Undergrad: 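Here it is, the structure in full.
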Amino acid sequence: MTGNEIPEDDHVVRYVKPSLIDGETVDGGAFVLKLSETGLSVNWLEVLVGNGHDKQLDEVRRLSRLGMSKNGRFAKLNVGDTKQYISDNAEASGISMVLNITEAPLAATHQFEADPSHAEITGLPLIDSDEAMLIGDLISACIQGSLYHAIDN
């Protein structure tokens, strides 16, 4: 199922390291591709079993392959709202951009369980482009509600 678009009513979360957080504000740098990346890793909440996003976040935490800091946070984005906001505002800035948010499940390994929630945001500008930080800031503006603790206290 890799590559299928995530439904527009659904949500994804992105882990944000503490150095990119100021209170409840996430620096747009949290949404900029690194040179080695082709897509920005996120986790699709609705694909996970559980009633409500709190249970789904617990499952994201359990399945995560990241080394997360106790001060790190998850930022939640609505798929359709984010894609539309980026499209509209990038165009207003003279940038033609179409984001895709697609499934990219991770297979089980000898160390980790399979992670059906792994997904990617693709279509982002490269890190060394003038547009990268602008788009990162626009995505940051799409964060819904409060940030969530990456490590459940």
Side-chain angles (χ1 to χ4, degrees), residues 1-48 50 52-61 63-106 115-151:
M1 294 190 353
T2 300
N4 292 332
E5 286 282 328
I6 293 176
E8 299 211 346
D9 288 338
D10 286 3
H11 301 83
V12 295
V13 292
R14 168 121 173 117
Y15 173 72
V16 181
K17 63 185 181 177
S19 63
L20 295 174
I21 301 169
D22 183 12
E24 284 290 313
T25 302
V26 174
D27 186 283
F31 301 101
V32 173
L33 287 177
K34 295 178 183 145
L35 289 176
S36 61
E37 297 175 324
T38 58
L40 203 64
S41 289
V42 293
N43 293 87
W44 177 17
L45 293 179
E46 284 79 4
V47 76
L48 297 169
H53 289 169
D54 288 340
K55 296 286 185 194
Q56 293 160 339
L57 280 165
D58 287 343
E59 192 66 0
V60 169
R61 290 180 189 105
L63 293 171
S64 180
R65 299 177 185 195
L66 297 173
M68 295 187 283
S69 166
K70 77 173 197 169
N71 293 323
R73 299 287 186 265
F74 284 116
K76 183 173 76 171
L77 303 167
N78 172 272
V79 171
D81 291 348
T82 301
K83 288 167 55 176
Q84 188 64 55
Y85 185 81
I86 300 309
S87 176
D88 292 348
N89 287 282
E91 186 175 314
S93 298
I95 302 168
S96 178
M97 167 133 327
V98 177
L99 289 186
N100 295 302
I101 305 177
T102 57
E103 301 175 49
L106 300 174
D115 184 355
S117 74
H118 186 261
E120 290 187 331
I121 301 175
T122 58
L124 294 166
L126 297 176
I127 190 170
D128 58 355
S129 70
D130 293 337
E131 295 87 8
M133 280 308 296
L134 171 65
I135 299 303
D137 288 342
L138 292 174
I139 294 172
S140 182
C142 294
I143 295 171
Q144 291 189 321
S146 297
L147 301 175
Y148 299 89
H149 291 278
I151 296 176

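In this text the structure is predicted, and so the values were computed from the model without any measurement.
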Undergrad: Can you confirm whether Tyr85 sits close enough to Asn78 that some side-chain heavy atom of one is under 4.5 Å from a side-chain heavy atom of the other?
TA: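 Result no, sub-4.5 Å side-chain heavy-atom pair not found.
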Undergrad: Can you name the side chain to side chain contact (heavy atoms under 4.5 Å, CB included) partners of Val32, sequence neighbours left out?
TA: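 Partners of Val32 under the side chain to side chain contact (heavy atoms under 4.5 Å, CB included) test: Ile127, Ala132, Met133.
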Undergrad: Quick one: does Ser140's side chain have a donor or acceptor within less than 3.5 Å of a partner on Val26's backbone?
TA: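 Such a contact is found between Ser140 side chain and Val26 backbone.
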Undergrad: Tell me which one of Thr82, Asp88, Asp81 satisfies side chain to side chain donor-acceptor pair (under 3.5 Å) with Gln84.
TA: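 Among Thr82, Asp88, Asp81, the one meeting side chain to side chain donor-acceptor pair (under 3.5 Å) with Gln84 is Asp88.
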Undergrad: For Asp54, which residues count as a side-chain hydrogen bond (donor to acceptor under 3.5 Å, both in side chains) partner, sequence neighbours excluded?
TA: none
Undergrad: Could you work out, with side chain to side chain contact (heavy atoms under 4.5 Å, CB included) as the rule, every residue matching Asp115, not counting sequence neighbours?
TA: Asn43, Leu63, Leu106, Ser117, His118
Undergrad: Run the salt bridge (Lys or Arg N to Asp or Glu O under 4.0 Å) test against Asp137 and tell me which residues pass, sequence neighbours left out.
TA: none
Undergrad: With sequence neighbours excluded, tell me which residues meet salt bridge (Lys or Arg N to Asp or Glu O under 4.0 Å) with Glu59.
TA: Arg62
Undergrad: Is the backbone of Met97 close enough, under 3.5 Å, to the side chain of Glu91 for a donor and an acceptor to pair up by distance?
TA: no
Undergrad: Using the side chain to side chain contact (heavy atoms under 4.5 Å, CB included) criterion, which residues pair with Asn71? Sequence neighbours excluded.
TA: Pro18, Ser69
Undergrad: Any side-chain heavy atom of Pro7 within less than 4.5 Å of one from Trp44?
TA: yes
Undergrad: Sorted by first residue and then second, give each salt bridge (charged side-chain N to carboxylate O under 4.0 Å, His left out) pair with at least one member in residues 3-25; sequence neighbours left out.
TA: Glu5-Lys83, Glu8-Lys83
Undergrad: Passes side chain to side chain contact (heavy atoms under 4.5 Å, CB included), Ile139 versus Leu99? Steps please.
TA: CA-CA 10 Å; Ile139 294 172; Leu99 289 186; 4.3 Å; yes
Undergrad: Among Leu45, Val60, Val13, exactly one meets side-chain contact (heavy atoms from CB on, under 4.5 Å) together with His53. Which residue is that?
TA: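 Passing option: Leu45.
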Undergrad: What residues, two or more places apart in sequence or in another chain, satisfy side-chain hydrogen bond (donor to acceptor under 3.5 Å, both in side chains) together with Asp58?
TA: Arg61
Undergrad: Could you tell me which residues satisfy side chain to side chain contact (heavy atoms under 4.5 Å, CB included) with Leu33, sequence neighbours excluded, listed by chain and number?
TA: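 In terms of side chain to side chain contact (heavy atoms under 4.5 Å, CB included), with neighbours along the sequence ignored, Leu33 is linked to Glu37, Leu40, Leu124.
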